[in-house]
Amino acid sequence: MTQTKIQRHLQERSAVLDQEKTIRHDHAFKTNMSATAQTAAKIVARIRQRESEIFWTTPEGSHSEAKHPVVFPGMSFAISRDRMQKTSLWRIVSAMPKGCLLHAHMEAMIDIDWMLDQALQIPGFWVSSPASLMLGASTNPPAFEFHYRPNRPVAEATASIWEADYPPNELIPIAEVARTHPSGVLGFKSWAISQMTITEDEALYHHHRGIVDIWKKFASCFRGIAGLFYSEPIFRRCVPRLLQQLHSDGIKYVELRLVPRPFHRTGSDTPELDTHYFLECFSQELQRYCSSADGSGFWGARLIWTAIRSLPDDLLRASMQDCLSSKAAYPAVIAGFDFVGQEDLGRPLVELLPLCDWFQQECTQRNLQIPFFFHAGECLGDGDATDANLVDAILLKSRRIGHAFSLYKHPMLIEMVKGQKILIEMCPISHEVLRLTANILTHPMPALQARGVAVSLNNDDPAILGHGGNGLSYDFYQVLLAFENTGLGGLAKMAEDSVRWAAFEDEDETAWLEGIEGRLDSNIFTIAMDRYLIRMSFLLHQHLFDAFDRLPRDFVAPSLYLLDHFSVLSTMEEFRVMATANRAGGHAAILRAHAEPLLYDEIFWIWRKPHSPPIPLLLRTILRRPQLAAHIKSFHLDMTAFHEYHPDVGRYIIHDHPSVDELDEHIAFIRRTGVPHRRSWIRKLRQGTTDAFLALLLAQLSSLRSLHISGVVTRHSNLVGLTLVSAICESGRYQLPNFQHLREVNSHFMPRSNRRKAGREPRKSLPWHATNILPFFYLPDLECLSVSLGSPIMWLSPHLPASSKLRSLDLGHVHEADLGEILSVTPNLETLHWYWYYPTDVVDGVQTSTLDRGQLVAALLQVRNTLRELTIEAVALLPGARQFPRSLLFKDTLQKLVHFDKLVALECPLVLLVGLEFDDVQRFREPVPRNIEILRLADDVWCPDDGIPTQGLLREPSDILRTLCAWLQASDWRTQTPHLRRIELWQSRSSPAYREDLGQQLTYLGARVGVQIEYRRNS
Ligand SMILES: [Zn+2]
């Protein structure tokens, strides 16, 4: 081709592509976005591209699953779910306003785990089954049910539902069923959860078995759920909890599909005769939630009545009758009608035409508005009866269509859907788990969008399908990552359409169609979306300026630096226009009132620059407008810049000095506090140390909920510590905030995520003195604490702290002898991460070369009744030193860990758990707790084979694989650890690789006995 020919081709090419995009449903929205929103979308596209390449791509040349799990953008949800949460894109998506949730089945939205807990707490719940549930012998899936019978007397001796002689259908109290499960209450719960949800294995590995197979399991889940969900005591608790979960994910309104079933009033053994009281409970709880503080800003919820499509005419007619009378009694609650259940096996809409016709006539006669919102085309067929449900749904004037998975095969129906303004409720993750598509990449959704069809995103049955949460973030994320053409603008359009197509109130056909166009004009949703984009573009600007190229996975926030440093007036002006476009007489003050709490609520600085972070700038802003400080809920400073250390002062020096006037005001503030260390504070402030400025900033932040300080700044921050001591331990004595709102504190030299990467803390890394950390234990509402402490432990006030709300504790630099002292004040601890580091060349008096495991377990016994997750990290090898420090001594054993019944996840270095005889199966299994689910074994304390034969040391790392094989082959391992489902083997960078054949052997064996084996390497 000649140059001109190529140029002509390229011109035509882009003209064609541009022309084609104009057909897209989101085209007008995207082109009309403000310049700021378009910039935000562009940056999101870059982040998406970057994360696809770095985070979602297996490195070149690695064929070993053991070293690098195979990943790709758009891979199966079940295996990418936890991974996606580590990305910037996730943060962007989860912060996004999502409009309305239009397709979700309420019974399938309540976490089974939580519901079982309610049934075990509330008196009156029973279990029955047509046959014994004897594990391994029952029908698959077993047909057990729950019953609420609060007045039924409990017989003294009952049969066991787990034994062969259980009399069929006999009701057994749930507590008894749980207690007699071969693995106790926890065993019962995890068994019941696996029966009432689609497990990861079922979601992922059995696609070849097809849709009918997975629907068998899916439908059976509802049978178990019904006996719990349709009882007043549990149902009333479900409603506010569910609404709060949706609300906190940015959802403003929800339409819940629901099959009404026999409902038991509190204290009643017999069900209600109709659905009215059930609807009464729903509307009471809804109103209560909406008028609560949590519910402020939530628009509401309505129900779509659903009947099971496989039922015979008489039962369907009865359900429809009930729907009509319920609508008359609760017109605000019921928004519409639908049929549910597997379409392929149920009755097609064409067969239900007479019933639909009768129902519509009844509605007209009784003057009720109950429009159809049909499921249709949730199938793979082409031209079969299920596929044809689509045409019936359209002709029956369904206002939206659920799924419409097969619509893309029907060009004419697509035109009808567009012409009749029907929205398609897409449920991408549901389609994946229920085997309509192998992953999001083969989903037909983009085909519909490209042809101009309106689509919204929905989660369908999140509690059963394994979403792991109740919002829409997962579905939004999948779509954003998978399809280049969607982008932030495409998601925003889908969110907007969910508002346009929501049935907020009863409307006739004309009002409904007009409403789709006009609904947003007076709606605050536009403002919410604009606010989000304002915030996003601020955050993203910062992201782009500061860290984009160097730190693609870190998300760097505000904004304040920009506000003060760059001219943002023009942008602010644009925001004003955006935020007030729909309101006549809007004023910049309105925008300020809306935008400021959002802009200031999180200060997130990951500082890698050669100069100091803009603390003086923020102080200056607060000095001018002190009310801004109250907006700051979260302060995160991770500062890694070694250039600024001034040996004379022994401090990191602030770059941007305040003016004389500002400095005077700061000094006056410090004097007013009256703290005993004010003189040194003022002196250091004059010298310009980061420590003094940071202490001054923290002293302004009275609303702080989360505090994170890491990096060099922790090393010389004595003033920060002293100020916190004065503020917390002598609360009220000085003019300082008391930090009572703090829920989360994190302070390490090296942030946790990097520690895993680097494998160890740098030498001499002890940050703050223990006295600077201990005040945090006196905060009554603190939930999560992660600090390096140092020893010894001396409590600061005559009374001991009681950190009764502390659930999670991450401790570095605490000797095992001092650990008990700490754990004695944390009675409800659930997660503990204890970090032991022996720097072979530094003597700091805290860690010695001896680790007394007996002492360690004795300390842990303080939290034995609550501890669920335990991580012991131990590192004793310095870079370059290939030799195992022979002087290390591990006294006693961890054997008593076996008594920790609540412990479900344990991470521990191999040598601490089993000593150096990795091939001794008996030693290996002795300390493993009975209810353990996940076992992570690390080799951080490791002896590499350097060719020197060393007595008693392991020289063949693969021995551990042989030991694990022997353990999993032993006949009694399942009885000893019935819930074990995953073993992770972590290796540090320098460790020799495991033998591949042994690795494979263990993986196969694991798969056979139901234990997932994973090989991980610290990168
Ligand atoms: Zn559905």
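Position 1 is the first residue of the sequence; numbering continues from there. Computed from a predicted structure; not experimentally measured. In each ligand, atom 1 is the first atom listed, and ligand 1 is the first ligand listed.
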Asks: Could you tell me if Y277 and E232 have a donor-acceptor pair between their side chains, going purely by distance under 3.5 Å?
Replies: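 Yes, a side-chain donor-acceptor pair sits under 3.5 Å.
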Asks: Protein N, O or S atoms less than 2.8 Å from the Zn ion (ligand 1), ignoring waters?
Replies: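 As for protein N, O or S atoms lying under 2.8 Å from the Zn ion (ligand 1), they are H103 NE2, H105 NE2, H375 NE2, D460 OD1.
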Asks: Check whether T197 reaches the backbone of T199 with its side chain - one donor and one acceptor, N or O, closer than 3.5 Å.
Replies: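 Answer holds: no.
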Asks: Going by atom types alone, do Y289 and Q284 pair a side-chain donor with an acceptor below 3.5 Å?
Replies: no
Asks: For the residue pair R399 and W501, would you count it as a cation-pi contact if the rule is NZ or CZ under 6.0 angstrom from the ring centre and within 45 degrees of the ring axis?
Replies: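 Checked: cation-pi criterion not met.
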Asks: Suppose we call two aromatic rings close when their centres sit under 6.0 Å apart. Are Y474 and W90 close by that rule?
Replies: yes
Asks: Considering residues at least two apart in sequence or located in another chain, which fulfil the ring pair (Phe, Tyr, Trp, His ring centres under 6.0 Å) criterion with H247?
Replies: F298
